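Each chain gets a letter, A, B and so on, in the order the sequences are listed, and its residues count up from 1. Computed from a predicted structure; not experimentally measured.
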Amino acid sequence: MHWADVLADELLKEDKKHVLATGITPSGPIHIGNMREILTSDAVYRCLLHKGGEAELIYVADDFDPLRKVYPYLPKSYEKYVGMPISEIPCPCGKHKSYADHYLISFLESLKEIGVKPRVYRANEMYKNGDYNEAIQIAMENMDKIKEIIQKISKRQLPKNWIPFNILCSKCKRMTSTEAVLYEYPIIEYKCSCGYEGEVDIRQGGVGKLPWRVDWPARWKMLNVTFEPFGKDLGTVGGARDTGERIVEEIYNYPAPKYTVYEFILLKGKGAMHSSKGTALSAEEMLKMTPPEVLRFLIMNNQPNKHIVFDSGLGLLNLVDEYDRWERVYFGKEEPVKGMKDYKKTYELSQPEKTPDEIPYQLPYRHLVTLVQIADTWEDVKKILLRTKQIPKDLSKTDEEHLKQRTTHARYWLHNFAPDIIKFEVKTKKKPQVTLDEKQKKFLSTLKEKIDSIDWKAENIHNIIYETSEEEKIPIKTAFKTIYQIIIGQEKGPRMGYFLSNLDKDFVLKRIEEIVK
RNA sequence: GGGCCUGUAGCUCAGCUAGGUAGAGCAUCUGGCUUUUAACCAGGUGGCCAAGGGUUCGAAUCCCUUCAGGCCCGCCA
């Protein structure tokens, strides 16, 4: 059984509406670990619906959290915002409502492409609206109990004047520099290291925030959360999950949600990613280089508790090939191999939208990577595909959209992540600087004559090159090298027959002519 | 110190969430192909499933112990 079905079955033991939660503090580029989290929830969510359960998928943006420090990707000037809620800090690019939105919005856009449609909550709004008021009051009433739970389970000593509420200083707007002096419902008197002394009324929204270890369980209760996966950094003994369980059950009188712990996604050759160190690959970027169904496949095909090594180099091509293969197996075009576990469910969960009725038109991704280097736009790529009969004239609109989308991803990958070895540029404008000896020139001119009369097809081109190299008695290696040099200015290139057939025949003829004369 | 994950073919890994003759890709070898961006096709070689114990008619798979490697936590969220 697929892992998502196992989790869904677990949840279905209780016959009620399930709320599957995920979330993140958008304090920087949202990295692919969060992509894993939300796709994990999405998988369970879909399985629940599939089994006839009632469920909702939600995403909570912790945008009322304070900025902890000036991260490497921020300008020095952000020093003055450290300690302020990220929803209250200006956007680094100026185009968004706030610092938090700057990172959140583009991530939410990415979610659309991979077909995840959660209901989005923003902590800053929830606090300001007063949604948290009751939870805050309960926390304050149970201050000692909460303190005891946290101290006992996390084995951490909390300060004497600790309260389960971080007050926002009304003068300097920071949340990390205030200290409570006196609490008498509903007023907390506080002083701030900026020198300000004042008071807040906890019945008023947005005057402060529950600390994380209390905020999390409070939210479970408030939003009726029944399932929430979390990364292994949070799954540690004595961690927020452990204290949260006790707090939600004993203070908020609500059962702790079910969960699964997910492992990290590692970047091949670079190890674990840390957004705070700026070494992370952002979720958006990962999605830009990987077709959405393939990205989902990567997550769905791996149990959450296994770490995934993502190879943004040539390994990405293998991943796409693997996906395509699973697709052929799903549609019965190929026999499943032993070990292709749960291939049906895995394939279905990999679909951003609903599973297609018949197999999408497949074109080897590697080939697409070559094509996008020959033609700049999808229209031009399409022309080549049609001319060389690599796609049928009556290709469906869906298939075309799919191929078009894949070329976009291939192009992004090529420009930003592909190793140089597979890059080339067809020198259409001017001929590359090459010095050829007489033999090579003779070879080319003979080749030109022969090419002129053939049908412009990969196989024919391939054969003609061999034939000519034999006639002219030059090594086949030299023959290939010569052609690559005059077309792309390199000594090696993509498989010659297919490559040339994708180029314009007249261009090739003209180029040879220019070189030979 | 605590927690999690991993250990299966030369390499990378699947199979462990159904206990029932050990699987794939790459590499290698053979044959074919007029060897071209980690080429393609057909086939072959290759494994005491880390070690030990237990449960079972039967264990890579479940349980216990040991060894080795990786990651996370012991600031904040």
- Query: Distance only, no hydrogens: is a donor on one side chain within 3.5 Å (strictly under) of an acceptor on the other, for A/E327 and A/Y347?
  - Reply: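 Yes, side-chain donor-acceptor contact under 3.5 Å.
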- Closest non-hydrogen atom pair between A/F499 and A/T370, with its separation: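 Result for this residue pair: CD1-CG2, 4.2 Å.
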Verify the contact: side-chain N or O of [X] to OP1 or OP2 of [N], cut-off strictly under 4.0 Å; return yes or no.
{"X": "A/R156", "N": "B/C76", "value": "yes"}
{"X": "A/Y466", "N": "B/C33", "value": "no"}
{"X": "A/H307", "N": "B/C4", "value": "no"}
{"X": "A/K306", "N": "B/U6", "value": "yes"}

Atom-pair distance ([atom1] on [X]; [atom2] on [N]), nearest Å:
{"X": "A/N166", "N": "B/C76", "atom1": "CG", "atom2": "P", "result": "11 Å"}
{"X": "A/I150", "N": "B/C76", "atom1": "CD1", "atom2": "P", "result": "10 Å"}
{"X": "A/N302", "N": "B/A14", "atom1": "CG", "atom2": "P", "result": "7 Å"}
{"X": "A/I476", "N": "B/U36", "atom1": "CD1", "atom2": "P", "result": "9 Å"}
{"X": "A/M175", "N": "B/C76", "atom1": "CE", "atom2": "C1'", "result": "14 Å"}
{"X": "A/R241", "N": "B/G74", "atom1": "CZ", "atom2": "C1'", "result": "20 Å"}
{"X": "A/D63", "N": "B/A77", "atom1": "CG", "atom2": "P", "result": "16 Å"}
{"X": "A/R495", "N": "B/C33", "atom1": "CZ", "atom2": "P", "result": "16 Å"}

For atom [atom1], what is the distance between [N] and [M], given to the nearest Å?
{"N": "B/G31", "M": "B/G70", "atom1": "C1'", "value": "43 Å"}
{"N": "B/C41", "M": "B/G20", "atom1": "P", "value": "32 Å"}
{"N": "B/C40", "M": "B/A50", "atom1": "P", "value": "31 Å"}
{"N": "B/U61", "M": "B/U6", "atom1": "P", "value": "13 Å"}
{"N": "B/A14", "M": "B/G54", "atom1": "C1'", "value": "28 Å"}
{"N": "B/C63", "M": "B/A22", "atom1": "C1'", "value": "23 Å"}
{"N": "B/A9", "M": "B/A39", "atom1": "C1'", "value": "24 Å"}
{"N": "B/G23", "M": "B/C48", "atom1": "P", "value": "15 Å"}

Taking the six-membered ring for Trp, are [X] and [Y] parallel (under 30°), tilted (30 to 60°) or perpendicular (over 60°)?
{"X": "A/F480", "Y": "A/H462", "answer": "tilted"}
{"X": "A/Y103", "Y": "A/Y73", "answer": "perpendicular"}
{"X": "A/W220", "Y": "A/W216", "answer": "tilted"}
{"X": "A/Y323", "Y": "A/F297", "answer": "perpendicular"}

Applying a 4.0 Å non-hydrogen cut-off, can you work out what [X] is touching in the nucleic acid: base, sugar-phosphate, or nothing?
{"X": "A/E470", "result": "base"}
{"X": "A/Q303", "result": "base"}
{"X": "A/G239", "result": "nothing"}
{"X": "A/I465", "result": "nothing"}
{"X": "A/H2", "result": "nothing"}
{"X": "A/D62", "result": "nothing"}

- Query: Between A/N142 (side chain) and A/I251 (backbone), is there a donor-acceptor pair under 3.5 Å?
  - Reply: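 No; judged by distance alone, with no hydrogens or angles, the pair does not exist.
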- Keeping the roles fixed (side chain from A/E14, backbone from A/T226), state whether a donor-acceptor pair exists under 3.5 Å.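 Between the backbone of A/T226 and the side chain of A/E14 there is no qualifying donor-acceptor contact (under 3.5 Å).
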Side chain of [X] only, please: which of [options] is the nearest?
{"X": "A/F264", "options": "B/A38, B/C72, B/A77", "value": "B/C72"}
{"X": "A/E263", "options": "B/U34, B/A77, B/C5", "value": "B/C5"}
{"X": "A/K477", "options": "B/A38, B/U36, B/A24", "value": "B/U36"}
{"X": "A/Y484", "options": "B/U34, B/A38, B/U36", "value": "B/U36"}
{"X": "A/I422", "options": "B/A24, B/A38, B/U36", "value": "B/A38"}
{"X": "A/K232", "options": "B/U36, B/U17, B/C4", "value": "B/C4"}
{"X": "A/D233", "options": "B/C72, B/U36, B/C4", "value": "B/C72"}

- Message: Ring centres under 6.0 Å, that's the criterion: do A/Y259 and A/F227 meet it?
- Response: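 No, the ring centres sit 6.0 Å or more apart.
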Any strand counts, and the cut-off is 3.5 Å on both contacts for Watson-Crick or G-U wobble. Which nucleotide pairs with [N]?
{"N": "B/A9", "result": "none"}
{"N": "B/C71", "result": "B/G3"}
{"N": "B/A42", "result": "B/U30"}
{"N": "B/G20", "result": "B/C57"}

- Would you mind telling me which residue lines up with the more 5' stretch of RNA chain B, A/T25 or A/N301, judged by nearest nucleotide?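 Looking at RNA chain B, the more 5' nearest nucleotide goes with A/N301.
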- Nearest-nucleotide wise, let me know which of A/D65 and A/A479 is further upstream toward the 5' end of RNA chain B.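 Going by which nucleotide is closer to the 5' end, it is A/A479.
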- Message: What I want to check is whether an N or O donor and acceptor connect the side chain of A/R366 with the base of B/A38 at under 3.5 Å.
- Response: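 Yes, the side chain and the base share a sub-3.5 Å donor-acceptor pair.
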- Message: Is it the case that B/A77 (base atoms only) and A/R68 (side chain only) share a donor and an acceptor within less than 3.5 Å, ignoring hydrogens and angles?
- Response: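 Result: no qualifying N/O pair found.
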